[in-house]
Amino acid sequence: MTQAYRDWWRDAVIYQVYIRSFADGNGDGEGDVAGIRERLPYLRDLGIDALWINPWYPSPLNDGGYDVADFRDIDPRFGDLAQAKALLDEAHGLGLKVLLDIVPNHSSWDHQWFKEALAAGPGSPERARYIFRDGRGPDGSEPPNNWRSVFGGPAWERVTEADGTPGQWYFHIFDVSQPDFDWNNAEVRADFLDILRFWFDLGVDGFRIDVAHGMDKNMDGPDLPYDKSGLLDRPSIADHPFFDRDGVHDIYRGWREVADSYDPPKLYVAEAWVEPAERLARYLRDDELHSAFNFDYLKSAWTAAELRRSIDDSVTVLASVGAPATWVLENHDVERVVTRYGREVTAAGAGHAGRVSGAVDVELGTRRARAAALLMLALPGGAYVYQGQELGLPEVLDLPEESLQDPVWERSGRTERGRDGCRVPLPWAVAGTSYGFGSGGSWLPQPAGWGARSVEAESADPSSMLSLYRDALRLRRSIPSVEPLAWIDETTEDMLAFQRGRGFACVVNLGATPATLPAHREVILASGPLDADGRLPSDTAVWLAL
């Protein structure tokens, strides 16, 4: 086993599959395992290295599958374990790795353990798997503290005991249907080690860890000074009681031992909303996790200064622990980049950016998204592509209110529309039922004209976003992956220009006027046409042979 094979993830491009919206194989209006299997050749031909599948476990889908009722099975609406094994084998046969989501912070309230906790009552071993507390006040009618759910509203829910009386309160960082595990409980820790082995033994290559900065909590912490923070925002205090606490690192050292017991070792990717970068680097030490999403880069505004700062911070700090940087523009929790970059304000908030308002220039956003794709794929380290990003899909901003399913909508008092707009099922065909998504419609309504952005339409257009991604992913393999980034500073302040090795450079013009390119032998790939005199237009990127 070569070291390069073992460390494939260091410069991999991983494609995120939001299973419910990717492809529907059985015609029930929801994506499934059969749909993914049918589209595996598309992913291979796109040129990615691995796919990451959002939760496919049994779930009531109160939070898009992140409310897990059984961590060792497949939801029947998506398929079964036999189909999952077939998918793994077929993906491996095409040279693709497969990562799953794991959700260790909480379960669904439909999980057998939580049902047992409610039935067993206060002080029981069953209740000790979760975080139950008595309420404040003489009759316990007030929550134990003022902590809020990041989906809005209090982070505590009172239960009715088996005898019908008002009882204890349970803690949930997210939706009321997602009670948090108590990770001080040895049974919880042991069970998740067993869950990891269950999927690794089936053939899964790694996990993306949801809310990787959660789990360890100081439940004796004080009330918090809240402002108008939104989804996944948190009060900026030095000793946060339930985010990014030092105890989480001991958990991951145990997980790493499990991953390293396989040959080749398995992979962990952290979803950790952690700042500054030095705090994130602590998750990526040699005996913990391998890689982490770069949310600082995702949130950065479309300016040369902001992007360069984020790139420098990421590369420098993560290199201090021997970890590669990763680059991401979209995922299932944030507004699509075509829409965000088409606004006057291009920086994203933490979590979902749907609170940003204002007119959207889709043409401008598309031009910038094309340039951003070449920038992201030229940087050293790994990259993530969210399904539909390669098609240039915009956020669907006008979903009917009656179709919205994200818990953010209800828990915010119907003031934040939530994340459904980036989860609308993919268009595969120019016309037909659900634009080729499946024969039974789609669980979220697709906008009129969605077929013009379909895989079928864009495959036939050499100037499309899909063609650009295919070309970039193919050519990316020739970039010397071990070569670090070296900035080319003989450019204007509104440009980003860097070399990778002696023969390759990427140049992006984020200014308002065309700019002169550095000396080069050839333009390898461009996000848009150059001016007649060879200058680089605004919001355009090129790859150069030097």
Side-chain angles (χ1 to χ4, degrees), residues 52-59 62-73 75 99-114 117 128-132 149-151 155 170-175 177-202 204-219 232 240-260 266-274 280 282-284 287-293 331-333:
W52 148 39
I53 303 172
N54 285 107
W56 59 8
Y57 313 104
S59 168
N62 289 321
D63 182 26
Y66 284 91
D67 46 324
V68 180
D70 185 346
F71 288 89
R72 297 177 180 83
D73 204 354
D75 195 299
L99 310 183
L100 299 185
D101 241 309
I102 193 165
V103 190
N105 182 74
H106 50 262
S107 75
S108 166
W109 59 12
D110 285 354
H111 194 287
Q112 184 60 35
W113 273 11
F114 193 69
R129 298 162 176 160
Y130 293 89
I131 300 173
F132 281 85
S149 159
V150 295
F151 285 170
Y170 68 86
F171 182 66
H172 57 93
I173 294 180
F174 296 94
D175 189 58
S177 66
Q178 296 168 290
D180 281 37
F181 287 116
D182 187 343
W183 273 85
N184 291 315
N185 184 285
E187 192 175 2
V188 170
R189 293 196 178 211
D191 195 59
F192 269 91
L193 294 179
D194 186 73
I195 290 166
L196 297 174
R197 295 187 186 98
F198 175 88
W199 292 105
F200 288 156
D201 290 345
L202 195 70
V204 169
D205 298 290
F207 281 101
R208 174 263 193 191
I209 305 169
D210 184 63
V211 198
H213 58 305
M215 299 146 75
D216 183 55
K217 301 175 176 71
N218 174 19
M219 298 310 299
L232 293 179
H240 197 282
F242 54 84
F243 281 145
D244 190 29
R245 298 189 61 79
D246 290 344
V248 77
H249 299 287
D250 181 61
I251 296 169
Y252 292 137
R253 282 187 280 272
W255 284 30
R256 183 60 177 263
E257 291 179 4
V258 174
D260 287 348
K266 305 297 185 176
L267 171 67
Y268 297 126
V269 181
E271 184 221 25
W273 295 84
V274 174
L280 182 62
R282 300 176 75 245
Y283 289 75
L284 307 181
D287 59 347
E288 294 190 42
L289 308 178
H290 301 82
S291 180
F293 291 114
N331 64 35
H332 64 293
D333 284 333

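Keep in mind that this is a model prediction, so the values were computed, not measured. Sequential numbering from 1 along the given sequence is applied to the chain's residues.
- Distance CG/Asp216 to NE2/His249: 9.0 Å, rounded to 0.5 Å.
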Do Phe151 and Asp63 pass the side-chain contact (heavy atoms from CB on, under 4.5 Å) test, and can you show the C-alpha distance, the side-chain angles, and the key distance before you say yes or no? CA-CA 10 Å; Phe151 285 170; Asp63 182 26; 3.6 Å; yes

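- Between Arg189 and Ile251, the closest side-chain pair of non-hydrogen atoms falls below 4.5 Å.
- By the 4.5 Å heavy-atom criterion applied to side chains, His172 and Trp109 are not counted as neighbours.
- Closest non-hydrogen pair, Ala117 versus Tyr130, comes out as CB-CD1, 4.2 Å.
- For Phe198 and Phe71, the ring centers sit 6.0 Å or farther from each other.
- Listed by chain and number, the residues in a side-chain hydrogen bond (donor to acceptor under 3.5 Å, both in side chains) with His111 amount to none (sequence neighbours excluded).
- With sequence neighbours excluded, the residues that form a ring pair (Phe, Tyr, Trp, His ring centres under 6.0 Å) with Tyr252 are Trp255.
- Partners of Arg253 by side-chain hydrogen bond (donor to acceptor under 3.5 Å, both in side chains), not counting sequence neighbours, listed by chain and number: Glu288.
- In this structure, the side chains of Asp75 and Trp56 stay at 4.5 Å or more apart for every pair of heavy atoms.
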Applying side-chain contact (heavy atoms from CB on, under 4.5 Å) to Tyr57 and Asp70, what does each step give before you reach the verdict? CA-CA 6 Å; Tyr57 313 104; Asp70 185 346; 5.9 Å; no

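- Of all the heavy atoms in Asp333 and Asn331, the pair that sits closest is N-OD1, 2.7 Å.
- Closest heavy-atom contact between Leu289 and Ala270: CD1-CB, 3.6 Å.
- Heavy-atom minimum distance, Trp273 versus Glu271: NE1-OE2, 3.3 Å.
- Taking CG of Leu100 as the reference point, atom CG of Asp205 lies at 9.0 Å (rounded to 0.5 Å).
- Under the rule for a side chain to side chain contact (heavy atoms under 4.5 Å, CB included), the partners of Asp191 that lie at least two apart in sequence or sit in another chain are Arg72, Trp113, Ile195.
- Side-chain contact check for Ser107 versus Pro179: some heavy-atom pair is nearer than 4.5 Å.
- Between Phe192 and Trp183, the ring centre distance stays below 6.0 Å.
- Note that CG of Leu99 and CZ of Phe207 are 9.5 Å apart. Values are rounded to the nearest 0.5 Å.
- Relative ring orientation between His290 and Tyr268 is described as tilted, the plane-to-plane angle lying within the 30° to 60° band.
- When the salt bridge (charged side-chain N to carboxylate O under 4.0 Å, His left out) test is applied to Asp201, no partner is found at least two apart in sequence or on another chain.
- Without hydrogens or angle criteria, Asp244 side chain to Val274 main chain gives no donor-acceptor distance under 3.5 Å.
- For the salt bridge (charged side-chain N to carboxylate O under 4.0 Å, His left out) test, no residue two or more places apart in sequence or in another chain qualifies with Asp73.
- Two residues are said to be in side-chain contact when any heavy atoms from C-beta on lie closer than 4.5 Å; Asn105 and Asp180 meet this criterion.
- The heavy-atom pair separating Gly65 from Pro55 by the smallest distance is O-CB, 3.2 Å.
- In this view, Tyr66 and His332 satisfy the ring pair (Phe, Tyr, Trp, His ring centres under 6.0 Å) rule, not counting sequence neighbours.
- Side-chain contact between Phe174 and Asp67: absent, with no pair of heavy atoms (C-beta onward) separated by less than 4.5 Å.
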Please report the C-alpha distance between Asp210 and His106 in whole Å, then the side-chain angles of each, then the deciding distance to 0.1 Å, and finally whether the side-chain contact (heavy atoms from CB on, under 4.5 Å) criterion is met. CA-CA 10 Å; Asp210 184 63; His106 50 262; 4.1 Å; yes

Start with the C-alpha gap between Ile173 and Val150, add the side-chain angles, then the distance that decides, and say whether side-chain contact (heavy atoms from CB on, under 4.5 Å) holds. CA-CA 6 Å; Ile173 294 180; Val150 295; 4.2 Å; yes

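- Of the possible donor and acceptor atoms, none in the side chain of Lys217 sits under 3.5 Å from a partner among the backbone N and O of Asp182.
- Every residue meeting the side-chain hydrogen bond (donor to acceptor under 3.5 Å, both in side chains) condition with Arg245, not counting sequence neighbours, appears here in chain and number order: Asp239.
- Looking at residues two or more places apart in sequence or on another chain, you find a side chain to side chain contact (heavy atoms under 4.5 Å, CB included) between Ala155 and Trp147, Phe171.
- A search for salt bridge (charged side-chain N to carboxylate O under 4.0 Å, His left out) contacts involving Glu187 returns Arg129, not counting sequence neighbours.
- Trp52 is linked by a ring pair (Phe, Tyr, Trp, His ring centres under 6.0 Å) to Phe293, counting only residues two or more places apart in sequence or in another chain.
- Side-chain contact between Leu284 and Arg282 is absent, with no heavy atoms from C-beta onward closer than 4.5 Å.
- Under the rule for a salt bridge (charged side-chain N to carboxylate O under 4.0 Å, His left out), Asp287 has no partner lying at least two apart in sequence or in another chain.
- Proximity of Phe181 to Pro104: side-chain heavy atoms (C-beta onward) are nowhere separated by under 4.5 Å.
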